[in-house]
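Everything below concerns the one structure shown next.
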Amino acid sequence: MRVRFAPSPTGSLHVGGGRTALFNWLFAHGEARRQGKDGAFVLRIEDTDQKRFVQDATQGIFDALGWFGLTWDEGPDRGGPYGPYTQSERTTLYREHADRLIAQGQAYRCFCTPERLERVREEQRARKQPPGYDRHCRNLSATEVEENLTAGKSFVVRFATPLEGETRIVDLLRGEIVYQNENLEDLVLLKSDGFPTYHLANVVDDHLMAITHIMRGDEWISTAPLHVLLYGAFGWEVPALAHMPLILAPGGGKLSKRHGSTAMEEFRAQGYLPEALMNYLALLGWSFDGQTEIFSPEDLLEKFTLERVSPSPATFDYAKLRWFNAHYINHVLTLDDLAARVVPFLAAAGLVDSGASDPGHTDYPLVRDAAALLKDRLETLADAPDLMRSFLQDELEPYDPTLLVPKKLGVLETLDALVAVERVLDDGLDVADEVATEARLRGLAEELGLKAGQLFMPIRVAVTGRTQSPGLFETLRVTGTVRCRERIAAAIALLRDHGDETLTAD
RNA sequence: GCCCCCAUAGUCUAGCGGCCCAGGACGUCACCCUUUCAAGGUGAAGAUCGCGGGUUCGAAUCCCGCUGGGGGUACCA
């Protein structure tokens, strides 16, 4: 069984496209191969629209799919027995096929200008008729065609759609759908610039590339009968069709920038793990048993069946994606894996050297320790710089001194408490020993007549610059005795500097 | 306007005639844990299965209509 993913390089890969690619990949490398069949996933670039072509988009698609974890068996970059896999390199093929249809009388040259087409449509709209091509050139005589040709008029090639009867398509997810031919149009197969439209190129390539199953977005379902008619005109067998449900935006309609990220590369940049995105996207339209939620790529390969893909459109839920991502960070990734993945984000923030993902690097142990403390509150890898900063730099970012003063405690008491902590550190307390540190600080709280929390909060703020952090003692341990000592001293100085105003305000 | 698709809680879904006065997950709320915040644990609220007709002893499940949402209606894919 052979499937294909056929994006057009008009921009970055949309999550909808990413999911279509995923389902194709899961079908070929999972379902097909499990059945002992040959399962090939073909990547084809459909760059037939010269106006919308974007220079580096193809590379961007390769990168996005590669990051996502999909591998293709045949494609522009790796070749294969049915190449070339880029449509702009196959234009003679399409022209030959268009000519063949003209010779068979199943396609014709249309010399109508865009202006005329527009005028016709407007008149139809004015008369409240369905807009569409009026088939003006469908019955031009051979001599008329010759005249136009010798006059050098530009033309497109249109398919001569049957005027009556019906066309049936079988969608694997929906069953049979019947279309009345009278409602179908004479679609353009070849544009005046000699490039094919999607319809021609797609049908020709899918056949020539021996594609057995077409799994594509739902937006193609209404042109499917035209494609089936085309297969028929060529005398080819129609591949199995399955239209994947659309992904909708939270408020309804298409998912666009307005709602948040839409491109695969954006999710990557925002610190989403490919396996979390894959898990989430797989469950948007597919389910295994309605109970299981967590599926590794291997699980998906093992469990995916096209049969269990739902035909109804699904709304993209950013909150649930975040949950999956946090879950993978916290419960699925190993610490070493997480540390390595977090480094690019930390490096971009200037917190560590980009080589720190190497276990042999001097910064690595610190990153790993910090990751161990913070993994339960990282929703995305991009949260890492902010949350891990205090462990990775000597100097703390400036913070509001009033944070040091806990509720129900005065500035002077807080000052006393911090001075006491400083003394404890000077007496040789080693924060590397969490148990000893906790015992000593709890004891200190008692000596000072404070609740543990009242002592812990000023320390936490002094050491991290914020009121929220992992457990205090592990935080101190990873921060290190020297930095702790410096930061306590800095906090004391800070409180003294702001003492006057704070005291009078108190 | 015309053609087509879809329709279970705010969201993703299980369900394919009786096991369902509907199960799981996200989100929400509460409680527990607790040095803060998370994470985790427990629990709760939330769906007259879009509406109306049928078919059937029996329907979320089958049929029809309606409504709603979505897609297409390009020399874009």
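Each chain gets a letter, A, B and so on, in the order the sequences are listed, and its residues count up from 1.
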Contact under 4.0 Å: A/R308 side-chain N or O vs B/G15 OP1/OP2 = yes
Exercise: do A/D205 and A/Q87 side chains pair donor with acceptor under 3.5 Å = yes
Touch check for A/P196, heavy atoms < 4.0 angstrom, all strands: base, sugar-phosphate only, or nothing?
-> sugar-phosphate
Is the distance from OP1 or OP2 of B/C75 to the nearest side-chain N or O of A/K51 less than 4.0 Å?
-> no
Side-chain-base donor-acceptor pair under 3.5 Å for A/R442 and B/U35 | no
Between B/U11 atom C1' and A/L246 atom CG, what is the distance in whole Å?
-> 17 Å
Touch check for A/R466, heavy atoms < 4.0 angstrom, all strands: base, sugar-phosphate only, or nothing?
-> nothing
Look at all strands and tell whether A/P114 reaches a base, only sugar-phosphate, or nothing, counting heavy atoms closer than 4.0 Å.
-> base
With no angle test and no hydrogens, is the base of B/A39 tied to the side chain of A/K375 by a donor-acceptor pair under 3.5 Å?
-> no
Is the cationic atom of A/R109 (NZ for Lys, CZ for Arg) positioned less than 6.0 Å from the six-membered ring centroid of A/F155 and within 45 degrees of its normal?
-> yes
Under the 3.5 Å rule, do the base of B/C75 and the side chain of A/S192 count as making a donor-acceptor pair?
-> yes
Qualifying residue, where the test is side chain to side chain donor-acceptor pair (under 3.5 Å) with A/D186 and the options are A/R158, A/R135, A/H136 | A/R135
For A/V188, which contact category applies under a 4.0 Å heavy-atom criterion: base, sugar-phosphate, or nothing?
-> sugar-phosphate
Report which part of the nucleic acid A/G217 touches: base, sugar-phosphate, or nothing (heavy-atom distance under 4.0 Å, all strands).
-> nothing
Base, sugar-phosphate alone, or nothing: which one does A/H243 contact when heavy atoms must sit under 4.0 Å apart?
-> nothing
Checking all strands, does A/S8 fall into the base, sugar-phosphate, or nothing category for heavy-atom contacts under 4.0 angstrom?
-> sugar-phosphate
Contact class for A/P131 vs. all strands (heavy atom < 4.0 Å): base, sugar-phosphate, or nothing?
-> base
Does OP1 or OP2 of B/U36 have a side-chain N or O of A/S469 closer than 4.0 Å?
-> no
Indicate yes or no for a side-chain donor-acceptor contact from A/T334 to the backbone of A/D337 under 3.5 Å, with no hydrogens or angles considered.
-> yes
Under 4.0 angstrom, heavy atoms only, what part of the nucleic acid is A/Y179 near: base, sugar-phosphate, or nothing?
-> sugar-phosphate
Among B/U13, B/U73, B/A39, which nucleotide sits nearest the side chain of A/E185?
-> B/U73
Look at all strands and tell whether A/A452 reaches a base, only sugar-phosphate, or nothing, counting heavy atoms closer than 4.0 Å.
-> nothing
Go through the side-chain N and O atoms of A/D171 and A/H243 and say whether any donor and acceptor fall under 3.5 Å apart.
-> yes
What does A/R158 touch in the nucleic acid at a heavy-atom separation under 4.0 angstrom: a base, only the sugar-phosphate, or nothing?
-> sugar-phosphate
How would you label the contact of A/K254 with the nucleic acid (heavy atoms, under 4.0 Å): base, sugar-phosphate, or nothing?
-> sugar-phosphate
Knowing that exactly one of A/F324, A/F304, A/W286 qualifies, which makes a ring pair (Phe, Tyr, Trp, His ring centres under 6.0 Å) with A/F295?
-> A/W286
Checking all strands, does A/E293 fall into the base, sugar-phosphate, or nothing category for heavy-atom contacts under 4.0 angstrom?
-> base
Answer with base, sugar-phosphate or nothing: what part of the nucleic acid does A/L284 contact at a heavy-atom distance below 4.0 Å?
-> sugar-phosphate
Decide yes or no, distance alone: a donor-acceptor N/O pair under 3.5 angstrom between the base of B/C5 and the side-chain of A/R174.
-> no
